[in-house]
Amino acid sequence: MAYWLMKSEPSAYSIDDLKREGQTHWDGIRNYQARNYMREMQLGDEAFFYHSNCSPPGIVGMMKVIKTVYTDHTAFDPKDIHFDPKSKQDQPRWEMVDLAYGATFPNILSLSALRAEPSLETLVILRKGNRLSITPLSEGEWQVILKLAS
DNA sequence: GCCAACGTTGGC
DNA sequence: GCCAACGTTGGC
């Protein structure tokens, strides 16, 4: 089973939103590498929910993959903020997965705390300027994150 | 295929 | 608001 890191701006969609709704479509991903990672996601995989572009940024909880990748229909909707005219009905360019709420950490695992952990120095989110909104985690990384979060 | 221009992300 | 990083686009 794999572990992932998935970012969202809480002003757009937060862990509290997910907790209230129980599950969600992870739509709006418009980055090829992130999409390709979603294609690798398997049922039962776990994902850490990272709040970005907020104060403080950090990992706030966990989710579980409950539906593997399928067409992101929001790309077809001209009124949707993530509309992409290059994604055609007969040849969709973008995809999404479904995730279920798992847990909210008792304390946010802040970016600064993650940075202070030497064993996480290669964690992709910590690389300055990295735009990837979805990244796979190595076993060493997710184990340390779980330990720090408990 | 190169590369400059441009847009987005996201921490600070 | 600033700015570094970096993905995307398009001319050639």
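Keep in mind that what you see is a predicted model, and the values were worked out from it rather than measured. Below, read A as the first sequence line, B as the second, and so on, with proteins coming before strands; counting in each chain starts at 1.
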Tell me: [atom1] of [X] to [atom2] of [N], nearest whole Å?
| X | N | atom1 | atom2 | result |
| --- | --- | --- | --- | --- |
| A/Leu114 | B/dC12 | CG | P | 11 Å |
| A/Ile108 | B/dG11 | CD1 | P | 10 Å |
| A/Asn53 | C/dG1 | CG | C1' | 13 Å |
| A/Glu9 | B/dG10 | CD | C1' | 8 Å |
| A/Tyr32 | B/dT9 | OH | P | 15 Å |
| A/Asp84 | C/dT9 | CG | P | 8 Å |

Residue-phosphate contact under 4.0 Å: A/Tyr50 side-chain N/O, B/dG11 OP1/OP2: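 Indeed, a polar side-chain atom of A/Tyr50 lies that close.
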Side-chain N or O of A/Lys7 closer than 4.0 Å to phosphate OP1/OP2 of B/dT9: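 Looking at the OP1 and OP2 atoms of B/dT9, neither is under 4.0 Å from any side-chain N or O of A/Lys7.
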Candidate nucleotides B/dG10, C/dG7, B/dG11, ranked by approach to the side chain of A/Arg115 - the nearest: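 Within the option list, the nearest is B/dG11.
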Nearest listed nucleotide, side chain of A/Lys86, among C/dT8, B/dG11, C/dT9: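 The listed nucleotide nearest to A/Lys86's side chain is C/dT9.
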Pair A/Trp94 and A/Tyr32, ring centroids less than 6.0 Å apart: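 Ring centres of A/Tyr32 and A/Trp94 closer than 6.0 Å.
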Parallel, tilted or perpendicular, as decided by the 30° and 60° cut-offs, for the rings of A/Trp4 and A/Tyr37: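 The rings of A/Tyr37 and A/Trp4 sit tilted, inter-plane angle from 30° to 60°.
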Donor-acceptor pair between A/Glu9 and A/Tyr50 side chains, under 3.5 angstrom: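 Short answer, no.
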Partners meeting ring pair (Phe, Tyr, Trp, His ring centres under 6.0 Å) with A/Tyr70 (sequence neighbours left out):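 Result, ring pair (Phe, Tyr, Trp, His ring centres under 6.0 Å) vs A/Tyr70: none returned.
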